[in-house]
2 protein chains.
Amino acid sequence: MSERELSERKRLILKAIVEAHVLYGEPVGSKSLLSNQQLTCSSATIRNEMAELENMGYLEQPHTSAGRVPTEMGYRFYVDSLVKQYRMTALEIEQINRTLQRKIGEFDRVLEDASRLLSHFTNYAGIAFKPSADQATISRFESAYLDEHSLVLVMVFADGTVKTGTVYTELTLSQQELSAFIDVLNRHLCGLTSSEITLPRIVNLERQVGLLSALVHPVVTCIYDAMSELDEANLKVDGVNHLLEYPEYSDVGQFKEMLDLLENKEDLLGLIATDGEEKDLQVHIGSHNSPGPMSNSSFVCRLVRRNGKVIGAVGVIGPRRLDYSRVIAILNQLSLGIAGAIGTDEGESGQAADEN
Amino acid sequence: MSERELSERKRLILKAIVEAHVLYGEPVGSKSLLSNQQLTCSSATIRNEMAELENMGYLEQPHTSAGRVPTEMGYRFYVDSLVKQYRMTALEIEQINRTLQRKIGEFDRVLEDASRLLSHFTNYAGIAFKPSADQATISRFESAYLDEHSLVLVMVFADGTVKTGTVYTELTLSQQELSAFIDVLNRHLCGLTSSEITLPRIVNLERQVGLLSALVHPVVTCIYDAMSELDEANLKVDGVNHLLEYPEYSDVGQFKEMLDLLENKEDLLGLIATDGEEKDLQVHIGSHNSPGPMSNSSFVCRLVRRNGKVIGAVGVIGPRRLDYSRVIAILNQLSLGIAGAIGTDEGESGQAADEN
DNA sequence: AATTAGCACTTGAAGTGTAAGAGTGCTAAA
DNA sequence: TTTAGCACTCTTACACTTCAAGTGCTAATT
């Protein structure tokens, strides 16, 4: 009994237990495994093996007269070495890509779609996440003249994002005045982060634009709003109602804890950020020693990269007995899809603004 | 006695029962009402009155040895004639208005804020709703030139809404070409609903713009997206997790039914639309004879008008023992706030003058 | 040495019976 | 008309029993 390597039969048994538990959600007994075609031994033998697996820490018993349930370590082993890649059907892949490609370029929208897709495909709660940028800078301003009291301010950000806002003013504004005003903006506010737009700079701006100084305040507000929106970490959750189908959440208290966690974006954010350094795929398996809402739940999270840089993350939250195989496959596909959908506007047309 | 009019004492008792039940969520017994200062009689008298109120249909007993609970009719009577206006504090009103006014003009954002505000203030689930317009038309196009491969299309809708979209193209585009293109758009697509933008019109458009015909397809797509977004009925729900604090939803099945209802925008929409003809404030009180998810829940809904026209609705969903008084007050205030926040850019632009 | 059959043992789930408590309706007295 | 008092009903909680599932261990078998 080497402690380091599991015998082939033990692996088989562990795998069978995990899969049966994922399917039915109840402790797995030695006899019920006999139906498994690959296991040719008797229930007594399985009992012996199960006892050893329990000693090694892969299994545990809720109580003496119950079957076995995988521990966190058991799931970990399963995910790391026993899980066989789930293969998505062409139809599923097609469906994902089609949905994503309808909203090219609008990352916030894509996130919303992504979380919905995830919850729909996995039947767990789907999560999509955009990290806080914290240093959005505008590389260029443009405008469109609406009427003498209103205009659309177009802001092109350094990363290529374009945002717009509508500005109303009491002034009577001509087209020429507007373009002059935009010129001033371009000269004075490009390349600045929101915290660099200080009061002296604003006052200076007001001096520069002369008669139009009343326009500065609403415009700066608009700029600030756009920047905050871009900077703000954003988290979309969809399909929590699916979780209620699992008996794990039949206790309302448990479920409420989960909901509150999802409401509190910061907490979940921490969960992603803490060890989100390099691993593209993170599997958090709930365990008893880490109490709180996640003790009975698992969270699988996949980073989304563009040009090697992390631009977001997608994930799934569900009961600890998650169908890891399927979930991981779907997350991979989706993260590819997102990167693809966003990449389209970048590979072909000249990418705006690397200048700072 | 008289079946038509309730005696003063009966009204008092009914009121006390409703309020005690709203507070504690449990059937109210005759003795527990003795603590009420306004009732000077004994528990036996109260019992007699309660028996009569039950005969009249205002109260019911879950079972023989339990206290009384208001029926739908009981609540209806309470709401119609016993509820005293809850007075919001100046602080609460202030907070609502401040939140709303930050996002002037962006109705979809306002909705999101509104639902959040509602759930926060009432501790029930908050709902904000925008009906489908189905006939959005664009009154003018504007544009901003980004670079030779991309532009921002600004669409001014007939109702004053402004939407923008970014368009990418393979073509190499000059500023002059762009403004010529926009001119053509303005000549051919203004005032049309999305279903009126037919293939012949699009082909004709392509012929008009000559070399830029490749630009037509992405631009039309962009227009269509914007129109659909405006047309689309939209429903924001926030704070369902609050509901879990009420024992009414301690049965997971009940709660899931509720969640599924909220997920299914159409159903809820029907609930608003069916009798949404003229009453600004609609109070749906769950009752046993109308089964389904709403049998144990109530839904209070307030239409939001601008210039007399319904532009949306806000509402609250919670257990049948809703604090109707408070909820109605908050809904009224919020609907005023929304109308105000949106109204600013229309008609009464003279008000915001003294801000700086 | 590994496997298996068999059996005693443990334990939670489900069912039953009883006692307590809350609330009522009714009757008779004030 | 109101109230005190009492018998009645029904839920809840708890203790107790029974049942089935699943185990661990021992002895027999391969």
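In what follows, chains carry the letters A, B, and so on, assigned in the order in which the sequence lines appear, proteins first and then strands, with residues in each chain numbered from 1. If you're wondering where the values come from, they're calculated on a predicted model, not measured in any experiment.
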Chemist: Is there a donor on the side chain of A:Thr64 or the base of C:dT11 sitting less than 3.5 Å from an acceptor on the other?
Modeler: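 A donor-acceptor contact between them is absent.
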Chemist: A:Asn48 CG to D:dC25 C1': how many Å, rounded?
Modeler: 9 Å
Chemist: Could you tell me the separation between the CD atom of A:Gln61 and the P atom of D:dG22, rounded to a whole number of Å?
Modeler: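 After rounding, the reported distance stands at 11 Å.
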Chemist: Can you identify which nucleotide, out of C:dT24, D:dT2, D:dG24, has its nearest atom closest to the B:Thr45 side chain?
Modeler: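 The closest nucleotide is D:dT2.
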Chemist: Which whole-number value in Å describes the distance from B:Leu34 CG to C:dG23 P?
Modeler: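 The distance from CG of B:Leu34 to P of C:dG23 comes to 11 Å, rounded to the nearest Å.
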Chemist: When you measure from the side-chain N and O atoms of B:Ser30 to the phosphate of C:dG23, is any distance below 4.0 Å, counting only OP1 and OP2?
Modeler: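 Looking at the OP1 and OP2 atoms of C:dG23, neither is under 4.0 Å from any side-chain N or O of B:Ser30.
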Chemist: Does a salt bridge link A:Arg320 with A:Glu248, judged by any charged N lying under 4.0 Å from a carboxylate O?
Modeler: no
Chemist: To the nearest Å, how far apart are B:Leu59 CG and C:dG23 C1'?
Modeler: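 Nearest whole value for this atom pair: 14 Å.
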Chemist: In whole Å, I'd like the distance from the CD1 atom of A:Ile46 to the P atom of C:dT4.
Modeler: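 About 9 Å, once rounded to whole Å.
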Chemist: Within the pair B:Ser65 and C:dG21, is there a side-chain N or O less than 4.0 Å away from OP1 or OP2?
Modeler: no
Chemist: Can you see if the side chain of B:Arg9 gets near the phosphate of D:dT1 - specifically, an N or O under 4.0 Å from OP1 or OP2?
Modeler: no
Chemist: Is A:Arg326 paired with A:Glu92 through a side-chain N to carboxylate O contact shorter than 4.0 Å?
Modeler: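 Salt bridge present between A:Glu92 and A:Arg326.
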Chemist: Check the distance between D:dT2's P and B:Leu39's CG and give it to me in whole angstrom.
Modeler: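 Going from CG in B:Leu39 over to P in D:dT2 covers 12 Å.
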Chemist: Does A:Arg47 contact C:dG6 through a side-chain donor or acceptor facing the base, at a distance under 3.5 Å?
Modeler: yes
Chemist: Which residue lies toward the 5' end of DNA chain D, B:His63 or B:Glu49, if each is placed at its nearest nucleotide?
Modeler: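 Looking at DNA chain D, the more 5' nearest nucleotide goes with B:Glu49.
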Chemist: Please report whether the ring centroid of A:Tyr324 lies less than 6.0 Å from that of A:Tyr78.
Modeler: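 No, the ring centres sit 6.0 Å or more apart.
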Chemist: Let me know the distance between CD1 of B:Ile17 and C1' of C:dT24, rounded to the nearest Å.
Modeler: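 Whole-Å distance recorded here is 13 Å.
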Chemist: For A:Glu60 and D:dT23, what is the distance between atoms CD and C1' respectively, to the nearest whole Å?
Modeler: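 Rounded to whole Å, this separation is 16 Å.
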Chemist: Taking OH in A:Tyr24 as the centre, count heavy atoms belonging to other residues, nucleotides or ligands within less than 6.0 Å. Is the count above 12?
Modeler: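 For A:Tyr24, atom OH is not crowded (no more than 12 foreign heavy atoms under 6.0 Å).
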Chemist: Determine the contact category for B:Ala44: base if any of its heavy atoms lies under 4.0 Å from a base atom, sugar-phosphate if only primed atoms, P, OP1 or OP2 are that close, otherwise nothing.
Modeler: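 Base, at least one base atom sits under 4.0 Å.
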Chemist: If you count the non-hydrogen atoms of other residues, nucleotides and ligands that lie under 6.0 Å from CD in B:Glu263, is the total more than 12?
Modeler: yes
